[in-house]
Structure formats: C-alpha cells, structure tokens
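Following: one structure in structure tokens, then a few remarks.
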Amino acid sequence: MTPSANQQLDIDLGPTGRPMPEFPDPVALDSHGPARIISMVNQKGGVGKTTSVINLGAALAELGRRVLLVDLDPQAALSAGNGVNPYDLDVTVYNLLMDSRGHDVREVIQQTTTENLDVLPANIDLSAAEVQLVNEVAREMALARVLRPVADEYDVIIIDCQPSLGLLTVNALAASHGVIIPLEAEYFALRGVALLVETIEKVQDRINPRLEIDGILITMFDPRTLHAREVCQRVVEAFPDKVFHTTINRTVKFPDASVAAEPIISYASSTKGADAYRQLARELISRGGAA
Ligand SMILES: Nc1ncnc2c1ncn2[C@@H]1O[C@H](COP(=O)(O)OP(=O)(O)OP(=O)(O)O)[C@@H](O)[C@H]1O
Ligand SMILES: [Mg+2]
C-alpha cells in the first residue's frame, strides 16, 4: 500500500481521517448571555444524545460558561442523569409548555451539583404534550416562549430531544440556533439522517431561518475496529464540513456515570471520555457554536 500524502508528511490524522486541528482553551467570559440554543437531535434511539447533552454541558460549565440543560424527553434520562428525581416534581417543563404564564420558569429550573450547570427537568407528564400541543396557537413555538425569559442569563442552552421527529422535537428546533446530531459509529448510522436533515430544512424554511447544523458527532466509536473507522469515513464523505473532529469512544464509564447520576466530567474526571467532551466543548466554541 502506498502511504497517503498525509502519512508521508507525518501529519497526525484524527479519528475521522482528517488532520487534527488544535482547539485552544477559549477566553474566559466576563459577562454572560445571551444564550446560544442548541438541540441534540437524532430520531434514532440510544445514539448518545442524553450523554452528550450532560457531558458537553458539564464541559462548557467547566470552562466558565453558564449552561442550562433542557429535558425534552418524557423518559427524563437527562433529569435523572443530573441527580433530579423526576417523580418528585410537581411542576416541570411540561407545565411551562402548556401554560407559560401560569408558572415561572426560574422556579422550575434546578441547580445541579456542577457549578454553572442548571437543568430544566421533565418527567413522564411530558408524554401528553405532543398530543395536547396540537390544538394550541403557535404550537411549534411553545418551548421558545418558555426559554425566552432566561435566555439572557445563560451562555449556552442545550436541549435533549426524545428519539422522534414529532412536535416536541420541532419545538426544540424552532427555539434553537444550532443542531448537533450524534451518530453511533455503526453500520446504518446514516440511515434516517436524510429524513432528519429534511426536517431541519423544513423548520429553517417555515419557522426558524437562523437554524443551522452545528455539527455531527460520532459517538460510541471503537478506534480498534476497521468497521468503526469505515463508518466514520463514510459519514465524513457524506457531510465533509459538518463532522466534528472530536469523536466519543465507546467506554463503560458512560453507563457507570448514568447510574451515579453525574456527568462523566465529574464522576470520572480524568478519563479519556471526560477529555473527549472537554475537547468537543473547545471545538464547538472554536467553530462559533457557543460563546
Ligand atoms: N460513548 C459511549 N460509550 C458507551 N456507552 C455509551 C456511550 N454513550 C452513551 N452510552 C450509553 O448508551 C446508552 C444510550 O445513551 P444515551 O441515553 O445517551 O442515548 P440517547 O440517544 O439519549 O437515547 P434515547 O434515544 O433513548 O434518548 C446509555 O446507557 C449510555 O450510558
Ligand atoms: Mg436520551
């Protein structure tokens, strides 16, 4: 096999097969807000959306950014993953969506044990919202309305979506500046992405022209297998400018951290998994995807 030009020049190729840029530590912020709002979306289940919201959020918080995580999944894994017991809550994002005047979003937001990191929790009540919102005026804008009063108090708001392209996810896209699409490094990873991109384009055209795809994040990557590297290559070929250089490797530390109800950033702070999300935070900031 003839070595590629990059190999001959001895350039460090990252896991996505492209030269790996440096992502320097961003400058400290001396004031906060207005927030850039990002939705973590993939209608495929179990691709690492919630894990990425929690740990990207914690990594941005570690960089001194004020971060709000929004749980928009009735399964409430994001809330639980930050130590909030969803069953103890009387008022959640559901009540705000259905009646934003009757509740104060600040009273529903909870602080987490991580400094600078707050959560707007959900619980199973949210499963009714999809059907109930259908009859509301401006039904796609309910979440944007909920977030408006606090958007100036945070630097980044990240929304954890459920694995569907239904009305709740459309609400997330309508409220957002950016979308991050996590993709599991598996065969068929790209299946369904065309439909997702179509949905994003419809929201851009009809509701929210500022919406952009911030990036595609390859998750559960096993760099030792040819298969995972091939999948990675195919995703880069399909979306040359969109794939983050940072990839998230498969490691059991992530399920462990979910059980501990903490971000891996604090639960296993010095692991490669924690460092990968720290690098993703720096890459996102260097791309202009966060302050
Ligand atoms: N990089 C990783 N390595 C190993 N396991 C992971 C990794 N990322 C996430 N997981 C585990 O995979 C499972 C699914 O992850 P996660 O809940 O983040 O996906 P999701 O896309 O939010 O799923 P859903 O669509 O059901 O909401 C969880 O048990 C999580 O702990
Ligand atoms: Mg999830």
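The structure displayed is predicted, hence computed values, not measured ones. Every number for a ligand or one of its atoms is a count from 1 in the order of the listing.
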With heavy atoms and a 4.0 Å threshold, my read on which part of Thr50 contacts ligand 1 is both
Using the rule that Ile, Leu, Val, Met, Phe, Trp and Tyr join whenever any side-chain heavy atoms are under 4.5 Å apart, tell me whether Leu284 and Val67 fall into a single cluster. yes
Quick note on ligand 1: atoms under 4.0 Å from a heavy atom of Asn249 include exactly 1 (N), 2 (C), 3 (N)
Between Ile265 and Ala274, the two heavy atoms sitting closest are CD1-O, 3.4 Å
closest protein heavy atom to atom 9 (C) of ligand 1 is Thr51 OG1, 3.3 Å
Side chain to side chain donor-acceptor pair (under 3.5 Å) pairs touching residues 168-178, sequence neighbours excluded, are Ser39-Ser176, His177-Arg210
If you scan protein heavy atoms around atom 19 (O) of ligand 1, the nearest is Gly48 N, 3.0 Å
| message | Below 30° counts as parallel, above 60° as perpendicular, anything between as tilted: where do the rings of Tyr277 and Phe254 land? | response | perpendicular
Query - Arg206 bridged to Glu140 by N-O distance under 4.0 Å - result: no
Correct closest heavy-atom pair for Ile159 and Leu143 would be CD1-CD2, 3.7 Å
Enumerate, atom names and distances included, each donor-acceptor pair closer than 3.5 Å involving a side-chain atom of residues 228-237, sequence neighbours excluded.
unit_1: Arg229; atom_1: NH1; unit_2: Pro223; atom_2: O; d: 3.0

Heavy atoms, side chains only, cut-off 4.5 Å: are Ile207 and Leu173 in contact? no
From the list Cys161, Pro163, Ser164, Pro182, side chain to side chain contact (heavy atoms under 4.5 Å, CB included) partner of Val41 resolves to Cys161
re atom 2 (C) of ligand 1, the protein heavy-atom contact at minimum distance is Phe254 CD1, 3.3 Å
Would you say Thr50 reaches the Mg ion (ligand 2) with an N/O/S atom under 2.8 Å? yes
for atom 10 (N) of ligand 1, nearest protein heavy atom and its distance come out as Met220 CE, 3.8 Å
Within the 4.0 Å heavy-atom cut-off, what Ser258 brings close to ligand 1 is side chain
Per-atom filter on ligand 1: closer than 4.0 angstrom to a heavy atom of Gly45 are 25 (O)
If we number the atoms of ligand 1 from 1 as shown, the ones under 4.0 Å from a heavy atom of Ile248 are 1 (N)
Closest to atom 27 (O) of ligand 1 among protein heavy atoms sits Asp73 OD2, 3.6 Å
* **Asp256/Lys253 salt bridge by N-O under 4.0 Å criterion** => no
If we number the atoms of ligand 1 from 1 as shown, the ones under 4.0 Å from a heavy atom of Pro255 are 5 (N), 31 (O)
For atom 13 (C) of ligand 1, decide whether some protein heavy-atom distance is shorter than 4.0 Å.
-> no
Residue, atom and distance of the protein heavy atom nearest atom 4 (C) of ligand 1 read Thr251 O, 3.0 Å
heavy-atom search around atom 25 (O) of ligand 1 in the protein gives Lys49 NZ, 2.8 Å
In ligand 1, the atoms that come under 4.0 Å of a heavy atom of Val47 are 19 (O), 20 (P), 21 (O)
Ligand 1 to Gly46, heavy atom cutoff 4.0 Å, flagged ligand atoms 14 (C), 19 (O), 20 (P), 21 (O), 23 (O), 24 (P), 25 (O), 26 (O)
Tightest non-hydrogen contact, residues Leu63 and Ala281, listed as CD1-CB, 4.0 Å
